[in-house]
Structure formats: structure tokens, C-alpha cells
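The block underneath contains the structure these notes are about, expressed in C-alpha cells.
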Amino acid sequence: MTELNLGNQSVQIDKGELVGYVVTGHQFIHQKGSPGWRNADTEMFPIIGPTNEANFRVATPKGDAIQDQHGLLREMVYEEKHQATTKAVFEKRYKAHTPVKNSKFPVKSTEAQLKWPYDFRFQKSFELKEDGLEVVFTITGEVGMPFMLGYHPAFNLTTSNPVITTSERTVTLDEVMAVGSRAFQVADCEKILLKDEKSLEITTEGFGNFMLWTEVSNMVCIEPISFYPYAVPQNQLHLGFEELSAEPKNFKVLLKPL
């Protein structure tokens, strides 16, 4: 377990997964074992969304890639590259066409192995700052590699009527639950406020959108995304891709307690 500390803030990271963010005794992160979801956070890369209706294939300039829901990155293991009192960096590296075991097979998928036709390096860093916890994703790889990125953290809820607000509207937990597995879309948005027993402001750079998901009242996933996958049929998921350039691509998320 990796731990970061700064003032009244503490962070717990388990092999690259954010499993705890406590500020003045309040736990903001959904705890494993609690109802709702078996994880605390994960990434969606190089695709977002399900692929079962497209025979688990996603079109790329190098041909179809075998991908299950939310991509193959989550099936890989992080390596810790750096740790200090307030910062830790984790990394995953992928070699093109390397088979990756699919944990959804055979119960939820027909594909035992997933593959992607490009090399990439994916870094995830956590840094405690005076105003909150910053999570940064840095992607490097072949110029022109298509991808989309989503961050999937789950937040602990402790009251009966939490709400999620943007500059445009307020969303209730009932509204999120009513959408079901598709997830509630929040388009063209870089900042969201979760109002519960304690409030948490989530500000992003690079993503541009959010989607919201939960099936229970004790947690909610507030997910920064570069593309909302349910906007297109699964066989057209490639329409949501952006491309890597020669420079590393950075995405940022700031979790700011209020």
C-alpha cells in the first residue's frame, strides 16, 4: 500500500488504484466490499464503453482491435515508478499485438484475450496539494494512435439526498440511477460539484465531458471522459477517437474538498 500525506489530507493507493482519500477524518472514496462496485477507481483506455454488440471489435487505422468493455488497460498491472511524501507515479507499458488476458471471459465475454495494434506507455500520478488531490494521466505512443480516455473513480456517499451540480444544472442520485448501465451524460463540462455530507469539487483538463453512474445509494461514480460512448452504435465507436501526437498527452483531474 502506498500512502501520501499533507496536512489534514491522506491518500491510500493500492497498486495504482486510489482506495482512500481522507480529509479531516472524512473518507471521500468508495470502499471495496461496500455495496455498489468491486473497485474504487480504474481507467477506461484505449476505448470507453461496451463492445459486445460489435463482436468485441473496434476499428482502427491498423485494422480491427479486440477490445472488451472500457478497453484492455484495466487488465494490466501498474508498476510504481516513484514515491515521495506527497506524490506517487505508476506506469503501464504495452507492446503492440501482445495478448492480454480478459477477466470477463468466459462468463461475460467470448474473447479470452484482448489486443491493440499500437505500442503505448500510460502513466498515472497522484499528488497531494494544499487545495486537494491532483491525478494526472500521461499517454505516449505511436504518432497517430487512436484512443479515448475515461477516468472511473467511485465516491462514498453518506447522506440520503446527495446532488451533483454543474454550471448548467443539478442532477439527483435518482436521475443517475434511472439511466442504468448506459451512465448519465454530462456533455461539454470540465467542473462538477458533489454535494453530500462534505462537498467535493472535481475539475478536469483534457477530458471535456463527464458521465455519472451508480446502482446504489451509498456511492456514485463521477467519470471524466473524452467521449460519451453511447452517442454512437458500438460498431462506430471509432468515431470517438482522438489521436496521439509526437508530444505526450496529459489529462488532469483535481479533487478539491470544500
Side-chain angles (χ1 to χ4, degrees), residues 16-17 41-82 89-105 109 111-126 135-153 183 187-188 190 204-211 223-253:
E17 181 180 8
D41 92 341
T42 191
E43 289 76 55
M44 299 173 279
F45 181 87
I47 63 143
I48 305 171
T51 56
N52 58 300
E53 294 177 5
N55 194 31
F56 301 98
R57 265 62 177 175
V58 179
T60 82
K62 290 189 173 183
D64 287 351
I66 303 174
Q67 296 288 294
D68 211 315
Q69 180 164 330
H70 299 329
L72 56 69
L73 185 78
R74 58 177 52 196
E75 302 287 4
M76 299 165 60
V77 178
Y78 274 114
E79 177 185 356
E80 186 173 71
K81 306 297 289 186
H82 170 80
V89 180
F90 298 84
E91 183 177 281
K92 296 181 181 183
R93 287 178 177 260
Y94 181 77
K95 180 70 174 176
H97 303 291
T98 302
V100 174
K101 184 178 179 181
N102 184 12
S103 62
K104 293 180 179 293
F105 175 84
S109 177
E111 299 297 327
Q113 296 179 328
L114 309 177
K115 293 182 180 179
W116 185 246
Y118 300 85
D119 298 344
F120 66 78
R121 183 178 69 179
F122 189 98
Q123 282 195 339
K124 179 183 186 180
S125 71
F126 301 91
V135 186
V136 178
F137 305 98
T138 302
I139 305 165
T140 53
E142 182 178 336
V143 174
M145 185 188 94
F147 74 95
M148 52 190 84
L149 174 63
Y151 180 40
H152 194 306
D188 302 319
E190 294 184 330
T204 69
E205 292 181 22
F207 293 94
N209 311 274
F210 286 90
M211 62 184 184
E223 309 166 36
I225 53 173
S226 62
F227 178 70
Y228 181 68
Y230 304 102
V232 297
Q234 290 184 19
N235 62 3
Q236 296 181 29
L237 198 60
H238 60 278
L239 297 177
F241 280 137
E242 53 186 279
E243 294 183 353
L244 282 181
S245 65
E247 297 297 320
K249 180 69 174 179
N250 292 310
F251 295 81
K252 297 182 181 181
V253 179

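The shown structure was predicted, so the numbers you read here are calculated from the model rather than taken from an experiment.
Residues Phe56 and Ser109 meet the side-chain proximity criterion, which asks for heavy atoms closer than 4.5 Å.
Nearest heavy atoms, Pro46 versus Leu72: CD-N, 4.0 Å. Nearest heavy-atom pair, Tyr118 versus Pro61, reported as atom, atom and distance to 0.1 Å: OH-CD, 3.3 Å. Nearest heavy atoms, Val89 versus Ser125: CG2-CB, 3.9 Å. Contact between Thr51 and Leu237 at its shortest, heavy atoms only, is CG2-CD2, 4.3 Å.
In this structure Ala187 satisfies the side chain to side chain contact (heavy atoms under 4.5 Å, CB included) test together with Gln185, Asn209, sequence neighbours excluded. With sequence neighbours left out, the ring pair (Phe, Tyr, Trp, His ring centres under 6.0 Å) criterion links Tyr78 to no other residue. Under the side chain to side chain contact (heavy atoms under 4.5 Å, CB included) criterion, Ser103 pairs with Glu75, not counting sequence neighbours. Residues passing the salt bridge (charged side-chain N to carboxylate O under 4.0 Å, His left out) test with Lys81, sequence neighbours excluded: Glu79. Under the rule for a side chain to side chain contact (heavy atoms under 4.5 Å, CB included), the partners of Pro117 that lie at least two apart in sequence or sit in another chain are Thr60, Lys62, Ala65, His97. For Asp64, there are no salt bridge (charged side-chain N to carboxylate O under 4.0 Å, His left out) partners, not counting sequence neighbours. Residues passing the side chain to side chain contact (heavy atoms under 4.5 Å, CB included) test with Gln69, sequence neighbours excluded: Pro50, Lys104. Not counting sequence neighbours, Glu223 has no partner by the salt bridge (charged side-chain N to carboxylate O under 4.0 Å, His left out) test. Partners of Glu205 according to the salt bridge (charged side-chain N to carboxylate O under 4.0 Å, His left out) rule, which considers only residues two or more places apart in sequence or in another chain, do not exist here.
Residue pairs meeting the salt bridge (charged side-chain N to carboxylate O under 4.0 Å, His left out) criterion with at least one partner in residues 235-248, sequence neighbours excluded, are Glu242-Lys249. The list of salt bridge (charged side-chain N to carboxylate O under 4.0 Å, His left out) pairs with a residue in residues 48-57, not counting sequence neighbours, reads Arg57-Glu111. Note on residues 227-246: pairs passing ring-ring contact (aromatic ring centres under 6.0 Å, His included), not counting sequence neighbours, are Tyr228-Tyr230.
Aromatic ring centres of Tyr151 and Phe207: separated by at least 6.0 Å.
Between Asp41 and Arg74 there is no salt bridge, since no side-chain N of the basic residue sits under 4.0 Å from a carboxylate O of the acidic one.
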